[in-house]
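Keep in mind the model is a prediction, meaning the values are calculated, not measured.
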Amino acid sequence: MDKHETIIKTALQMFSEKGYFYTSVQEIVTSCGMSKGSFYNYFASKEDLLIESFRYNHQQILKKAEHLHMDESLSLKNQLIKMISMELEGMADNREFFLLLQKVVSVQEHKKLMPLMKRTRAAMINLHKEWLLKVYGESIRPQIWDHVLFLQGAMKEYITILKEHNFSADPEMFAGRIISKLDVLVKHGSHLDPILTDDWMSDYEQMAKQPDRKTTEEKREEQLTAIREQIAALSESSAVKQELTDAVHLLEEEWKKTEPRSFLINALFGFLTRPELKETVETLKEWYHSEQN
């Protein structure tokens, strides 16, 4: 195990035992037997370590799932139950840790965290999809996305309820019961129209197949950064530059809303359109209108 992984595993344990805010970088490196300076060779900050810990935890889940598939002594359904059990156990152990991610990272770090969480979600959706197709066969393909989301939703809510009431339960027993419920849905729900379609889930599916592919959010952030840099280079007064920068900020905030106001977005595009910014603004306009259609 290299120093990078040692720091992450030590941090995960300390965050779980003491909490994120009450665990210092000095305590982590002391436990690892290294200097504080060495820590910053691997991580830019404690927030960066928190995000990398999330990535590491996800990678471990995928590795364990791969090993389960190699256990030919188990039927496919029992392999699935084992995998769900393992995930439930991990969710229970790390639930507070994952909740931290939304609360403690800075705005700047959130820009790095959100695409990572989307990729993680895509990978888990695809993993469950492939397993359900192996266990139940191609006949469930028209309903596959609904089954996947039922499975993931059930797992998440069971863990939430158990934690809220301080119940303890055998993860494998719960996994078996969740799959038993899914058996009923598969057997008796084939006549129902699917809620989720391939079109709706295509972004997640493509992301799972190409994990290095940039998310829409990352591409948008790159273009917004580019337009800010272009504004800074304009031969305009500081007041004009500030107005343009404020417009970019307002555009970004409005775009992130569940239901962005198109009239405002279009007005901001119009305000920003000038020869030096035209190409970048046009790219952003195309992305925005493609998302809305």
Distance-only polar pair, side chains of [X] and [Y], donor-acceptor under 3.5 Å:
| X | Y | result |
| --- | --- | --- |
| Gln230 | Thr280 | yes |
| Glu27 | Ser24 | yes |
| His147 | Gln152 | no |
| Ser35 | Ser38 | yes |

Give a yes or no on whether [X] and [Y] share a hydrophobic cluster (residues Ile, Leu, Val, Met, Phe, Trp, Tyr; joining criterion: side-chain heavy atoms under 4.5 Å apart).
| X | Y | answer |
| --- | --- | --- |
| Ile195 | Leu149 | no |
| Leu234 | Leu268 | yes |
| Leu80 | Met173 | yes |
| Leu251 | Leu264 | yes |
| Leu62 | Met207 | no |

Value rounded to 0.5 Å, distance of [atom1] in [X] from [atom2] in [Y]:
| X | Y | atom1 | atom2 | value |
| --- | --- | --- | --- | --- |
| Thr283 | Ile227 | OG1 | CD1 | 9.5 Å |
| Leu50 | Ser45 | CG | OG | 9.0 Å |
| Asp146 | Leu185 | CG | CG | 8.0 Å |
| Met34 | Tyr42 | CE | OH | 6.5 Å |
| Glu252 | Leu284 | CD | CG | 10.0 Å |
| Leu196 | Phe150 | CG | CZ | 14.0 Å |

Using 4.0 Å as the upper bound for N to carboxylate O, is an ion pair formed by [Y] and [X]?
| X | Y | value |
| --- | --- | --- |
| Glu172 | Arg177 | no |
| Glu89 | Lys64 | no |
| Lys129 | Glu205 | yes |
| Lys134 | Glu130 | no |

| message | Using the salt bridge (charged side-chain N to carboxylate O under 4.0 Å, His left out) criterion, which residues pair with Arg141? Sequence neighbours excluded. | response |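 Once residues adjacent in sequence are excluded, the partners of Arg141 under the salt bridge (charged side-chain N to carboxylate O under 4.0 Å, His left out) criterion are Glu138.
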| request: Output all residues satisfying salt bridge (charged side-chain N to carboxylate O under 4.0 Å, His left out) with Lys285, sequence neighbours left out; order by chain, then residue number. | output: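 Checked Lys285 against salt bridge (charged side-chain N to carboxylate O under 4.0 Å, His left out); matches are Glu282.
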Are the side chains of [Y] and [X] in contact, using a 4.5 Å heavy-atom criterion?
| X | Y | value |
| --- | --- | --- |
| Ile61 | Met124 | yes |
| Ile81 | Asn78 | yes |
| Phe15 | Ile28 | yes |

| request: Please name all residues satisfying side-chain hydrogen bond (donor to acceptor under 3.5 Å, both in side chains) with Lys257, sequence neighbours left out, ordered by chain then number. | output: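 For Lys257 the side-chain hydrogen bond (donor to acceptor under 3.5 Å, both in side chains) partners, ignoring immediate neighbours, are Glu254.
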| field | Listed partners of Thr30 passing side-chain hydrogen bond (donor to acceptor under 3.5 Å, both in side chains), at least two apart | value |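 For Thr30 the side-chain hydrogen bond (donor to acceptor under 3.5 Å, both in side chains) partners, ignoring immediate neighbours, are Gln26.
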| request: Could you pull out all residues at least two apart from Tyr136 that satisfy side-chain contact (heavy atoms from CB on, under 4.5 Å)? | output: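 If we apply the side-chain contact (heavy atoms from CB on, under 4.5 Å) test to Tyr136, skipping adjacent residues, the hits are Lys77, Leu132, Ile140, Ile179, Leu182, Asp183, Val186.
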| Would you find a donor on one side and an acceptor on the other, under 3.5 Å apart, between the side chain of Ser180 and the backbone of Gly176? |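 Indeed, once roles are kept as given, a pair shorter than 3.5 Å links the two residues.
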| Listed once per pair and sorted, the ring pair (Phe, Tyr, Trp, His ring centres under 6.0 Å) pairs that draw on residues 238-269, sequence neighbours left out |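 Non-adjacent pairs meeting ring pair (Phe, Tyr, Trp, His ring centres under 6.0 Å): Trp255-Tyr288.
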